[in-house]
Structures are given as structure tokens and as C-alpha cells.
Amino acid sequence: MIAKSLKGRSAAMDPGIWSKLPPELLEHILSFLPLKTLLNLRSTCKHFKSLVFSPSFISKYSSASLFSSFFLLSHPQCYSNFPLYDTIRGAWRKLGLPLSFLPPSAAQFNLLSSCNGLFCFSLPNSSSFLVCNLLAKSSRPIQFPFFPFAFEMLTLVSTPHGYKIFLLCSKFSSNYAFVYDSKVHSWRQFDGFQPLLADNFHQEGASFNGSLYFATPEPFSVVCFDLENGKWKNLDTEMPRELTFVRLVSNIDEGKLYMVGGIGRNGISRSMKLWEMGDGGNWVEVERLPELMCRKFMSVCYHNYEHVYCFWHQDMICVCCHTWPEILYCKVSRRTWHWIPKCPSIPDKWSCGFRWFSFVPDLYTLA
């Protein structure tokens, strides 16, 4: 309607029209601008400058923007440039990692986890982690608890007051859990879980109700770690029969826990199913992977399930393989399965080392 009313007038905007618009309507219109244009508006007036830093507006912008949801691919050969798949537009893009975030002593880095617009890197040569917000161009180095420090299953978790980093560490033949809290900028050490949680070091913990949930090796079960008090707990829940592998993933916004698992015998999966944790603590089957797609996925991983890992991204449960450059995902609301095609810039000779991450840019998440 606004566009029609301005048709035939001067190209210059009429201040009389824009000055009479209700603030909430003006914010709604501005929320559809590209991010680059929106940031350039900061220099035009004080109102626009303060608007860009308003939590209520950025919430509207994040939901309306077409540039707010990506799959990010990390690979040993992608040192300074991570391929991005825009899940809204269904197209591949590229993101150059600003090397200014890295200290001069960092000769190499590994991307380990992502959450709420933040990324967590390991900087082996400087014995530290690096948490950064690529959109806000902010970062924070975090020193290892001690050195040398061998760790696994690192998980970055968003909290109401910042974030936490969980990881397991084997020290002096014992298994310990370490938790870093950004609120107090310090590590805490807790007892680990015996026996070791899983044979898959690519799978992160599933954040659910203030705890991280993990699947154990056969005989399969589910355990959780309370991020506040550091206590472990075995879930008293019956697991589906004839499982060949188990992965857990959570929808933090809606407070739901899901389980992806293969069904078969003698370590050979004949099908793959999706379950949701019910109110009574039991697993309720939600969906089954179509047969043809299941055959492709099982041929991709060669029934070597230690390479399989899952994560949640914007109503999608993503099932990935460390040796395959495509993503299999389930659109939970529609209960449909799809493949994300291979990135055209990836050479065919790259046969392993593919790590996918959810990337939802957030300008106001602090590192």
C-alpha cells in the first residue's frame, strides 16, 4: 500500500509520511532490510543507531531476515573459508573467517562446536579455546585447564547469562568432566562417567532441561550430566529393540529431546527411525527414514556408525557422516526427509573430515 501511494511522486521519501508511521510499523519495515543496508543506517540518525542495538528489534530482524539460517561446513582443507548453505534460500554461499580473531601464535585451529551464533575453536599451539561471534566480530580466548590437555565430546551450550563449555578429559587414567562458565570466566572439574560414554567423538551432548544427554555404547542407554551441580544420572527408560547405533539431539526452544537410531541385527542397520522423549520418559516413534534414502545413507557410512553424528537446526534434525559431504535431514514439523547437495566448490578427492554446524547469526550474543 505504501509503494502504491508513492507511485508517481519524487524519488525522495516524503518526511511527512515516515514521521507519522507508528514506531512498531517502522521497525517491522526495517526488519526486512539486508544486514549490510541495516548496519549502514546507523550513521543516518540517532534513532536508527539505537535501533540496531535494541534487543526487541534484533529479535524481529532475526525472524524476518532471509540471511539468518545456515549450515556451515568445516574441513581440514578449508582453513580460512567455510562453505555455507543458506537453508532459507536453498543455495550455497561462502563465509571467510576473519583471521584477526586468532592470536599471532595460532598456526592452526579446529572448529569444534556452535551454539546461538557463537563458534568454539581449539587453538592447539596456544593451549586454548577461542569463542567468537563472527557477525559481531567479538571473541574471547579461554585457556585450557592444564597442559597437556586431551579432551573429547566438547559441547558449547547457551545459557540465560552467557554460555558454558562442557568436555570430557582423561587424566592419570581417570575420566573427568570440565565445565567452563562464561559468567564467572572459570573452569570447574567434576567426576566423569564410567565407562566411557560413546565410541563417537563427533557427537556433542544434547542440551535438555539444564543437562546434557548422552547415549552409551552397547547395551545402549541414556545418561545425563547436570551442568549446574555436575552430577551424572542414568535415565530409567526402555530403549527400542534391535538398535545398531543411537544419537541424541534436542530442540532447546521447545524443550524436546529426540533420538535417531538404526534398527537391525549383528551391527547391520536395515532401517533408521526417529523417536521423541514422551512426557512419561518413554521413547515415542515419530518417523522412519524412507527405504531408498536409508539404503543410500547406510552405503555412505558403510555401517561404520562411529562416523555418524546429529545436530538440531531450525526445525531440522540433521544426520551427517564424517566421511560424506552431504547432509540428510528430517523436517520435523512436516515429517519429511531430504538431502542437502554437495557443495560445488568441494573437490571430489576430499573423502573424509566433513564437520557440519548450525549457524544462526546473532549480533547480540556475547563471546
Side-chain angles (χ1 to χ4, degrees), residues 153 155 157 166 168 193-227 231-291 293-295 297-298 301 303-321 327-338 356 358:
M153 303 187 77
T155 305
V157 183
F166 167 91
L168 291 178
F193 186 82
Q194 300 292 345
L196 293 179
L197 284 178
D199 56 357
N200 185 317
F201 303 131
H202 310 302
Q203 180 65 47
E204 300 181 15
S207 179
F208 180 65
N209 290 340
S211 298
L212 284 180
Y213 285 68
F214 303 89
T216 67
E218 291 189 80
F220 297 110
S221 64
V222 176
V223 299
C224 65
F225 174 84
D226 191 306
L227 288 167
K231 295 186 179 298
W232 292 92
K233 178 183 178 182
N234 285 278
L235 264 66
D236 185 17
T237 180
E238 184 178 354
M239 302 293 283
R241 296 183 178 181
E242 298 186 331
L243 288 170
T244 54
F245 72 91
V246 173
R247 300 291 181 265
L248 300 177
V249 65
S250 61
N251 178 354
I252 299 178
D253 295 333
E254 297 184 8
K256 294 183 178 181
L257 182 67
Y258 295 93
M259 178 172 69
V260 177
I263 301 294
R265 293 181 179 179
N266 301 319
I268 304 297
S269 297
R270 302 301 179 187
S271 64
M272 191 165 75
K273 296 182 179 182
L274 174 65
W275 295 266
E276 180 183 343
M277 176 68 76
D279 295 335
N282 58 315
W283 292 108
V284 180
E285 184 176 333
V286 175
E287 191 59 52
R288 177 194 292 259
L289 180 63
E291 182 178 357
M293 301 183 79
C294 184
R295 288 181 181 179
F297 185 79
M298 296 308 167
C301 64
H303 298 285
N304 190 358
Y305 309 119
E306 67 179 16
H307 296 304
V308 177
Y309 60 98
C310 301
F311 63 90
W312 176 269
H313 174 85
Q314 303 283 290
D315 191 43
M316 290 177 270
I317 293 178
C318 306
V319 187
C320 312
C321 184
I327 287 183
L328 172 66
Y329 72 90
C330 176
K331 189 75 172 177
V332 177
S333 60
R334 299 178 183 176
R335 297 193 175 185
T336 56
W337 294 84
H338 310 270
W356 294 89
S358 171

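These numbers come from a predicted model, not from an experiment. One is the number of the first residue; the rest follow in order along the sequence.
Expressed to the nearest 0.5 Å, how far CZ of Arg247 lies from OH of Tyr309 amounts to 11.5 Å. In this structure, CG in Asn282 is found 11.5 Å from CG in Leu235, a value given to the nearest 0.5 Å. Tyr213 contributes atom OH, which lies 15.0 Å from atom OH of Tyr258 (distance to the nearest 0.5 angstrom). Atoms NE2 and NZ, from His338 and Lys331 in turn, are 8.0 Å apart once rounded to the nearest 0.5 Å. For the atom pair OG1 of Thr244 and OH of Tyr305, the computed distance is 4.5 Å after rounding to the nearest 0.5 Å. Note that CG of Asn251 and CD of Gln314 are 9.5 Å apart. Values are rounded to the nearest 0.5 Å.
When every heavy atom of Gly262 is checked against every heavy atom of Ser269, the shortest pair comes out as CA-OG, 3.8 Å. Among all heavy-atom pairs drawn from Cys318 and Ile327, the shortest one is CB-CG2, 3.9 Å. Heavy-atom minimum distance, Asp315 versus Ser333: OD2-OG, 2.6 Å. In plain terms, the two heavy atoms of Cys224 and Ser211 that are nearest each other are CB-CB, 4.2 Å. Smallest separation of non-hydrogen atoms from His313 and Ser358: ND1-OG, 2.6 Å. The shortest non-hydrogen separation linking Phe208 to Gly255 is CE1-O, 3.2 Å.
Counting only heavy atoms from C-beta outward, the side chains of Met259 and Met277 never approach each other to under 4.5 Å. The side-chain heavy atoms of His303 and Met298, taken from C-beta on, include a pair separated by under 4.5 Å. Under the 4.5 Å side-chain criterion, counting only non-hydrogen atoms from C-beta, Cys320 is in contact with Phe311. At a threshold of 4.5 Å between non-hydrogen side-chain atoms, the residues Trp283 and Leu257 count as touching. Annotation: side chain of Phe297 is in contact with side chain of Val308 (closest heavy-atom distance under 4.5 Å).
Scanning for salt bridge (charged side-chain N to carboxylate O under 4.0 Å, His left out) contacts around Glu285 gives Lys273, with sequence neighbours left out. Residues passing the salt bridge (charged side-chain N to carboxylate O under 4.0 Å, His left out) test with Arg270: none are found, sequence neighbours excluded.
The backbone N or O of Gly281 lies less than 3.5 Å from a partner atom in the side chain of Thr237, making a donor-acceptor pair.
Ring geometry for Phe214 against Phe166 counts as tilted: the plane angle lies between 30° and 60°, on a 0 to 90° scale.
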Worksheet item: Please walk me through it: do Thr216 and Val222 pass side-chain contact (heavy atoms from CB on, under 4.5 Å)?
Response: CA-CA 6 Å; Thr216 67; Val222 176; over 6 Å; no
Item to complete: Start with the C-alpha gap between Met272 and Phe245, add the side-chain angles, then the distance that decides, and say whether side-chain contact (heavy atoms from CB on, under 4.5 Å) holds.
Response: CA-CA 9 Å; Met272 191 165 75; Phe245 72 91; 3.6 Å; yes
Item to complete: Dump the intermediate steps for side-chain contact (heavy atoms from CB on, under 4.5 Å) on Arg335 and Cys330, then the final yes or no.
Response: CA-CA 6 Å; Arg335 297 193 175 185; Cys330 176; 5.6 Å; no
Practice prompt. Could you go through the side-chain contact (heavy atoms from CB on, under 4.5 Å) check for Cys301 and His307 one step at a time?
Written response: CA-CA 7 Å; Cys301 64; His307 296 304; 5.5 Å; no
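In the displayed structure, Lys233 atom NZ is contacted under 6.0 Å by at most 12 heavy atoms of other residues, nucleotides or ligands.
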